[in-house]
Amino acid sequence: MDFEVKGKTCLVTGASRGIGRACAIILGKEGCPVAVNYVQREKEAEETCRLIEEAGGRAIPIRADVSRSEQVEALVGEVSEKLGSISVLVNNAGIAPMRPPEELTEAIWDETLMVNLKSAFLMTQAVLPGMRRAGWGRIVNISSNAAFTGGRVGPHYSASKAGMNGMTHSYASFYAKEGITVNSVAPASIATDMIANDLKIKEPYTPVPRFGHVDEVAETVLTFVRCGFITGQTLVINGGFYMT
Ligand code: NAP
């Protein structure tokens, strides 16, 4: 059984902060060259790369709005040129503009679906040809507990993440025979900017009486990357929220 991922080129979207940064670092520590994508925060993305290099790894920051097809194409082209064909994709980039239904506009709906869901579709389509040529690939989508429970961000966010789970299962079934696995991780209440600033959640609300740590999500992502027999799964990391 081969769990070795050393040397596999990884691309993590939205890796300048939070969960994406933790995923990039854990993959970098496994000896994978990592492309650290961001959309606005260049310094934070450079810091992610510095942390990976400090741990003995190799990383490059690359700006791209992954909800735009032309930028996705350029991103995948640049990563392939600089780090090699992409073997591991973590679709993590996301936004959570909190709106109750009565305040939800078409523009917010479209933006959320584009950044959270369409981006994962565009990225997956862009990396699949290389993975199929190699006969090996790992795609991990960062979904949300809100796909199942609704959550407090609003219907747009919940729908984007539920869509991601459906997409995960569909891609997984198409490519299981070709050495490509596709899984999703559905967190809740992980201590990041999204929880503190966007959702303004100050107190833990899960049966496990604390916020989750980004490394707890990253460890799960790494398990999906290392194991070729798990595919089409969505694993919820929510501090026991379902028990409430
Ligand atoms: P975060 O701290 O707000 O970080 C979001 C990341 O996404 C940043 O790196 C940001 O880049 C990037 N990003 C946003 N829009 C982008 C775009 N159009 N193109 C490329 N990158 C983009 O969020 P987080 O809490 O780590 O969340 C990461 C993922 O986990 C999201 O998909 C989120 O929905 C999901 N999630 C989080 C929680 C939680 O409890 N934290 C729970 C459930 C699901 P810049 O820094 O350049 O802006």
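Order of appearance sets the numbers: ligands from 1, and atoms from 1 within every ligand. Side-chain atoms are counted along with the backbone in the values below, which use heavy atoms only and exclude waters and symmetry mates. Residue numbers start at 1 and run along the sequence shown.
For the pair Val39 and ligand 1, the shortest N or O to N or O distance falls below 3.5 Å. Remark: ligand 1 and Ile190 share an N or O pair separated by less than 3.5 Å (distance only, no angle test). Considering backbone and side-chain atoms together, Gln40 places an N or O closer than 3.5 Å to an N or O of ligand 1.
Of the listed residues (Val90, Ile190, Val12, Asn116), just one forms a side-chain contact (heavy atoms from CB on, under 4.5 Å) with Ile142, and that residue is Val90. Residue Ser189 forms a side-chain contact (heavy atoms from CB on, under 4.5 Å) with just one option from Val208, Asn238, Asn145, Thr206, and that option is Thr206.
Distance from atom 21 (N) of ligand 1 to its nearest protein heavy atom, with residue and atom name: Ala93 CB, 3.5 Å. Annotation: atom 34 (O) of ligand 1 to nearest protein heavy atom, Tyr157 OH, 2.7 Å. Closest protein heavy atom to atom 18 (N) of ligand 1: Asp65 OD1, 2.9 Å. In terms of protein heavy atoms, atom 26 (O) of ligand 1 is closest to Ile19 N, 2.9 Å. In terms of protein heavy-atom proximity, atom 48 (O) of ligand 1 is nearest to Arg41 NH1, 2.8 Å. For atom 12 (C) of ligand 1, the closest heavy atom belonging to the protein is Gly14 CA, 3.5 Å. Counting only heavy atoms of the protein, atom 46 (O) of ligand 1 lies nearest to Ser16 OG, 2.6 Å. Closest to atom 14 (C) of ligand 1 among all protein heavy atoms lies Gly94 O, 3.7 Å.
Within a 6.0 Å radius of CZ in Phe174, other residues, nucleotides and ligands contribute 12 heavy atoms or fewer. Shown here is Arg50, whose CZ atom has more than 12 heavy atoms of other residues, nucleotides or ligands within 6.0 Å. Few gaps surround CD on Glu103; more than 12 heavy atoms of other groups in view lie less than 6.0 Å from it. In the displayed structure, Lys177 atom NZ is contacted under 6.0 Å by at most 12 heavy atoms of other residues, nucleotides or ligands.
Contacts with ligand 1 closer than 4.0 Å are made by side-chain heavy atoms of Ile195 only, the backbone lying farther away. Looking at Asn37 against ligand 1, only its side chain comes within 4.0 Å, counting heavy atoms. When non-hydrogen atoms are compared, ligand 1 lies under 4.0 Å from the backbone of Ala64 (N, CA, C, O) but not from its side chain. The proximity of Ser189 to ligand 1, defined as any non-hydrogen pair under 4.0 Å, is limited to the backbone. Proximity of Val66 to ligand 1, defined as any heavy-atom pair under 4.0 Å, is shared by backbone and side chain alike.
Remark: side-chain polar atoms of Asn92 are not paired, donor with acceptor, to backbone N or O of Asn141 under 3.5 angstrom. Remark: the backbone N or O of Ala15 is not paired with any side-chain donor or acceptor of Arg21 at under 3.5 angstrom.
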Just do the side-chain hydrogen bond (donor to acceptor under 3.5 Å, both in side chains) check on Gln125 and Tyr171 with the steps written out, would you?
CA-CA 10 Å; Gln125 291 290 114; Tyr171 275 119; 2.5 Å; yes

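One distance of note links CZ of Arg138 with SG of Cys227; it measures 7.5 Å at 0.5 Å rounding. Atom CG of Leu27 and atom OG of Ser87 lie 11.5 Å apart (nearest 0.5 Å).
Note on Val39: it does not cluster hydrophobically with Phe121, by side-chain heavy-atom contacts below 4.5 Å among ILVMFWY residues. No continuous path of ILVMFWY side-chain contacts below 4.5 Å connects Val115 to Leu122, so the two sit in separate hydrophobic clusters.
The two residues Pro97 and Thr112 have their closest heavy-atom pair at CG-OG1, 3.5 Å.
Using a non-hydrogen distance threshold of 4.0 Å, Glu44 does not register as a contact of ligand 1. The shell of residues lying under 4.0 angstrom from ligand 1, judged by heavy atoms, includes Pro187. Under a 4.0 angstrom heavy-atom cut-off, Ala186 registers as lying outside contact with ligand 1. Residue contact check for ligand 1: Lys161 places a non-hydrogen atom closer than 4.0 Å to it. Residue Ser143 places a heavy atom less than 4.0 Å from ligand 1.
The shortest distance between side-chain heavy atoms of Val225 and Thr181 does not fall below 4.5 Å.
Close contacts between ligand 1 and Val115 involve ligand atoms 15 (N), 18 (N) [criterion: under 4.0 Å to a heavy atom]. Counting atoms of ligand 1 from 1 in the listed order, those under 4.0 Å from a heavy atom of Asn92 are 28 (C), 29 (C), 30 (O), 31 (C), 32 (O). Against a heavy-atom cut-off of under 4.0 Å, Gly18 is close to the following atoms of ligand 1: 26 (O). Every atom of ligand 1 is numbered from 1 in the order shown, and the set under 4.0 Å from a heavy atom of Ile142 is 29 (C), 30 (O), 32 (O), 35 (C).
For the residues Val236, Val217, Thr192, the heavy atom positioned nearest atom 24 (P) of ligand 1 is part of Thr192.
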